[in-house]
Every structure is written in structure tokens, then in C-alpha cells.
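Quick notes on the structure that follows.
Residue numbering restarts at 1 for every chain, and letters A, B, ... go by the order of the sequence lines. For the numbers below, each heavy atom of this structure counts, side chains included, while hydrogens, waters and symmetry mates do not.
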Amino acid sequence: MKIRIATWNINSVRLRVPLVKKFCQKFNPDILCLQEIKCTDDQFPLSAMRKIGFEHVQVRGQKAYHGVATLSRLPISRSDVLDFNGTDEARHLAVQVEGTGDTPFVLHNVYVPAGGDEPDVEKNPKFGQKLDYLQGMTKHFKNKRNKSKSRMMLVGDLNVAPLETDVWSHKQLLKVVSHTPVEVDHFTKAQTAHNWIDAVREHIPPEEKLYTWWSYRARDWRASNRGRRLDHVWVTPTLGDVVKKIQIIDDARDWEKPSDHIPVIADIDLSEG
DNA sequence: ATGGCTTACAAAGTAAGA
């Protein structure tokens with residue numbers, strides 16, 4: 001069974017319904033995981049998304065900030081809503097995709113906190129909450145490791161660019177939130193906790209510069225190209241070779257009224273997993 | 001010059017993004 005899964009930090013879903021439509025017409029994902037929908041559950045543009053083709057929608061919204069939603073053409077059921085750092089913010093939603101075989105296939109949609117400006121837990125509580133969030137992920141998935149055979153995929157805006165090639169300048173970003181050594185360390189621990197495989201870097205060599213976010217502030221984002229790879233696709237080892245193709249849709253950064261993040265697409269074939 | 005912009009909000013400036 002072939003499924004196309006996309007992840008996109010949409011930065012306000014209500015504002016960008018036309019962009020979601022454009023993306024889906026061009027790339028036709030079966031499942032779309034959105035982050036930063038910036039609305040409550042009842043404000044979510046449900047009928048517009050149904051018109052686009054997503055009959056099955058799960059929303060974990062919150063007023064004004066954060067919020068995630070998973071939209072699907074295939075039947076899905078909510079399997080988990082987790083709060084990894086105890087702030088009760090809407091940053092996680094896991095669904096089970098039905099009809100994919102005997103072993104459950106669970107898809108986690110995650111929005112890790114940005115972490116504020118200063119990479120200092122004393123001066124900036126948000127940075128601490130970000131580290132707590134990554135630690136909470138580590139704890140949760142470490143407990144699950146080896147205990148369940150379920151096939152899992154984790155996608156979303158993880159707000160950390162772990163590799164030197166995931167930022168425009170490793171040296172200049174060492175003290176900038178998203179690429180500090182302590183964040184990368186916490187990020188790597190969360191990844192190792194469940195032996196998650198970085199499916200994007202399995203397909204695009206780690207030597208290659210790769211970004212999924214560019215600041216709104218650049219006059220010409222493509223010319224200055226000061227990007228970071230903040231959006232990720234992870235799979236459990238049993239799913240490792242079923243990721244057939246990865247696409248980074250950087251054209252979307254040039255669409256009208258764009259998000260500052262671009263979509264990442266993963267094509268998987270579950271019949272082999 | 002990584003903040004130059006963008007978003008939400010009991011609506012003008014504030015908080016947040018990263």
C-alpha cells in the first residue's frame with residue numbers, strides 16, 4: 001500500500017486555505033500533517049478541507065497559538081494527544097491509519113516549541129520548556145521502545161536543525177536558538193530513544209545543505225538563502241526501507257502569502273514493511 | 001543586518017515566531 005504523507009508548518013491555517021488547496025492539487029498527498037494552525041478546534045476550516053479531499057480530519061487546536069491537525073483521505077482514528085512538557089499547549093497529535101495491514105501504523109504530528117530568543121534557561125523560560133519538551137519525547141519513546149511492534153512515523157516542525165548542513169552557517173548559528181549544542185544534544189537523544197531514522201537524510205546526503213524554513217525578514221529569501229532544516233520526517237527502523245521518496249517543496253516559499261516553512265513529502269510503501 | 005517581516009487579538013500595540 002502506497003501512501004503519500006506531507007508535513008507543513010502552515011503558520012495560520014485559516015489564512016492559508018488557498019495554499020493548502022494549491023499544494024494538494026499539485027502534489028496530492030493522502031495525509032497532510034499541519035502545524036501552527038493558530039486556531040481552536042471549532043475555528044478550523046473543516047468544510048474547506050473536506051472540499052480539498054480530506055474526509056478524515058483530526059484537530060488539536062488552541063486559541064491564537066500553536067495547534068496541529070492531521071488531514072487524511074484514508075480513514076484515521078485518534079490514538080494519542082501527548083503533552084511532553086506539561087504546559088498543556090497543543091503540540092502533538094497521533095493518529096492510527098486504518099486499513100494498512102495487521103500491525104498498526106501510527107503517525108505522530110509534532111510541533112516542538114521554538115524556544116524564544118535567548119539560549120539560556122535562567123533568562124528565558126521558553127528555552128527551558130523547549131528542552132523539557134525534547135526530554136519528554138525522549139522519556140516517552142524510550143518507554144515504548146521494544147515494547148510494541150507498531151510501525152511508527154513522526155513528522156513535524158521539530159524546531160531544531162541538528163546537522164551543520166542543516167543551517168546556512170554552522171559557526172554563526174552555534175549560539176542561535178534552533179542550532180545550539182544543548183538543543184542538538186536533546187534532539188539527538190529524542191531521536192535515539194526510539195531508534196528513529198531521519199528519513200530525509202537517508203534520501204538526501206548529509207553533506208548536502210538542506211533547509212525547510214527561511215525567515216520572513218530576508219528581502220530575497222532565495223538570494224540570501226539563510227535557511228534552516230527545522231521540519232523532519234522520522235520512521236521506526238521497521239519502516240526504514242519503505243520510505244521510497246522524499247520531496248522538499250521549496251517553491252512553496254514563493255507562493256502568494258507563503259508560510260515561512262515549506263512542505264516536506266514522504267512516499268512510503270507499507271506493503272513491504 | 002538574524003531580524004529587515006508576519007501572524008493573532010474583546011484591535012492598538014503587544015507577544016510570538018525562529
Side-chain angles (χ1 to χ4, degrees), chain A residues 7-20 34-45 59-69 85 87-92 110-121 123-134 156-187 190 209-232 248 250 252-264:
Chain A
T7 179
W8 196 5
N9 177 320
I10 197 68
N11 186 16
S12 172
V13 69
R14 287 176 292 174
L15 209 57
R16 285 187 236 288
V17 168
L19 251 67
V20 172
L34 298 175
Q35 302 87 35
E36 269 205 279
I37 59 172
K38 290 188 171 173
C39 65
T40 56
D41 290 15
D42 58 303
Q43 291 172 323
F44 189 85
V59 183
R60 163 79 172 117
Q62 162 181 344
K63 187 182 174 181
Y65 300 112
H66 323 311
V68 294
N85 66 354
T87 56
D88 201 34
E89 293 172 333
R91 297 183 174 279
H92 171 269
V110 181
Y111 175 47
V112 173
D117 280 328
E118 282 234 43
D120 183 329
V121 293
K123 292 183 200 157
N124 168 22
K126 284 189 181 160
F127 192 68
Q129 286 171 8
K130 180 179 195 173
L131 298 181
D132 289 348
Y133 198 89
L134 292 166
D157 176 4
L158 303 185
N159 266 321
V160 177
L163 307 179
E164 295 191 12
T165 48
D166 291 337
V167 291
W168 64 275
S169 166
H170 169 61
K171 212 173 155 187
Q172 282 174 260
L173 286 170
L174 274 170
K175 289 179 181 169
V176 174
V177 175
S178 71
H179 192 62
T180 64
V182 62
E183 285 169 88
V184 173
D185 179 60
H186 279 64
F187 179 94
K209 293 247 185 205
L210 188 63
Y211 316 133
T212 64
W213 171 90
W214 291 263
S215 168
Y216 280 126
R217 299 198 190 201
R219 263 189 213 97
D220 181 341
W221 69 275
R222 215 187 266 279
S224 63
N225 199 23
R226 295 183 166 185
R228 307 176 200 170
R229 186 171 73 103
L230 305 176
D231 302 274
H232 296 267
I248 312 286
D250 47 352
R253 189 64 181 73
D254 270 335
W255 293 350
E256 198 177 343
K257 290 272 272 172
S259 167
D260 44 359
H261 293 253
I262 55 158
V264 177

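- Each of A:Gly116 and A:Lys63 lies near DNA chain B, and the nucleotide nearest A:Lys63 is the one positioned closer to the 5' end.
- The CH2 atom of A:Trp221 sits 17 Å away from the C1' atom of B:dT6 (whole-angstrom rounding).
- At the phosphate of B:dT6, neither OP1 nor OP2 sits under 4.0 Å from any side-chain N or O atom of A:Lys257.
- Put simply, A:Asn9 has no side-chain N or O that comes within less than 4.0 Å of OP1 or OP2 on B:dG17.
- Residues from residues 13-20 of chain A placing a heavy atom under 4.0 Å of any atom in DNA chain B, listed by number, are A:Arg14, A:Leu15, A:Arg16.
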Dump every N/O contact between nucleotides 2-4 of chain B and the protein below 3.5 Å, one line per pair.
from: B:dT2; atom 1: OP1; to: A:Arg226; atom 2: NH1; distance (Å): 3.1
from: B:dT2; atom 1: OP2; to: A:Arg226; atom 2: NH1; distance (Å): 2.3
from: B:dT2; atom 1: N3; to: A:Trp168; atom 2: NE1; distance (Å): 3.4
from: B:dT2; atom 1: N3; to: A:Arg228; atom 2: NH2; distance (Å): 3.4
from: B:dT2; atom 1: O4; to: A:Trp168; atom 2: NE1; distance (Å): 3.2
from: B:dT2; atom 1: O4; to: A:Arg226; atom 2: O; distance (Å): 2.8
from: B:dG3; atom 1: O3'; to: A:Arg217; atom 2: NH1; distance (Å): 2.9
from: B:dG3; atom 1: O6; to: A:Arg228; atom 2: NH2; distance (Å): 3.1
from: B:dG4; atom 1: N2; to: A:Arg219; atom 2: NH1; distance (Å): 2.1
from: B:dG4; atom 1: N2; to: A:Arg219; atom 2: NH2; distance (Å): 3.1

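- Looking at heavy-atom distances under 4.0 Å, A:His179 makes no contact with the nucleic acid at all.
- Electrostatic pairing of A:Arg60 and A:Asp41 does not count as a salt bridge here, judged by no charged N lying under 4.0 Å from a carboxylate O.
- Comparing B:dG4 with B:dC9, their P atoms are spaced 25 Å from each other, to the whole Å.
- By the salt bridge (charged side-chain N to carboxylate O under 4.0 Å, His left out) test, A:Arg229 pairs with A:Asp166, A:Asp198, sequence neighbours left out.
- Heavy atoms of A:Asp220 sit nowhere under 4.0 angstrom from any nucleic acid atom.
- Rounded to whole Å, atom P of B:dT7 lies 13 Å from atom NE2 of A:His261.
- With sequence neighbours left out, A:His179 forms a ring-ring contact (aromatic ring centres under 6.0 Å, His included) with A:His170.
- With sequence neighbours left out, the salt bridge (charged side-chain N to carboxylate O under 4.0 Å, His left out) criterion links A:Asp220 to no other residue.
- The main-chain N or O of A:Ala218 is never found under 3.5 Å from a side-chain atom of A:Ser224 such that the two would form a donor-acceptor pair.
- Residue A:Lys38 places no side-chain N or O under 4.0 Å from the OP1 or OP2 atom of B:dA16.
- Here the separation of B:dA16 from B:dT2, taken at their C1' atoms, is 16 Å to the nearest Å.
- Sorted by first and then second residue, the salt bridge (Lys or Arg N to Asp or Glu O under 4.0 Å) pairs with a member in residues 168-183 of chain A read A:Lys130-A:Glu183; sequence neighbours excluded.
- The phosphate of B:dA18 (OP1 or OP2) has a side-chain N or O of A:Tyr111 nearer than 4.0 angstrom.
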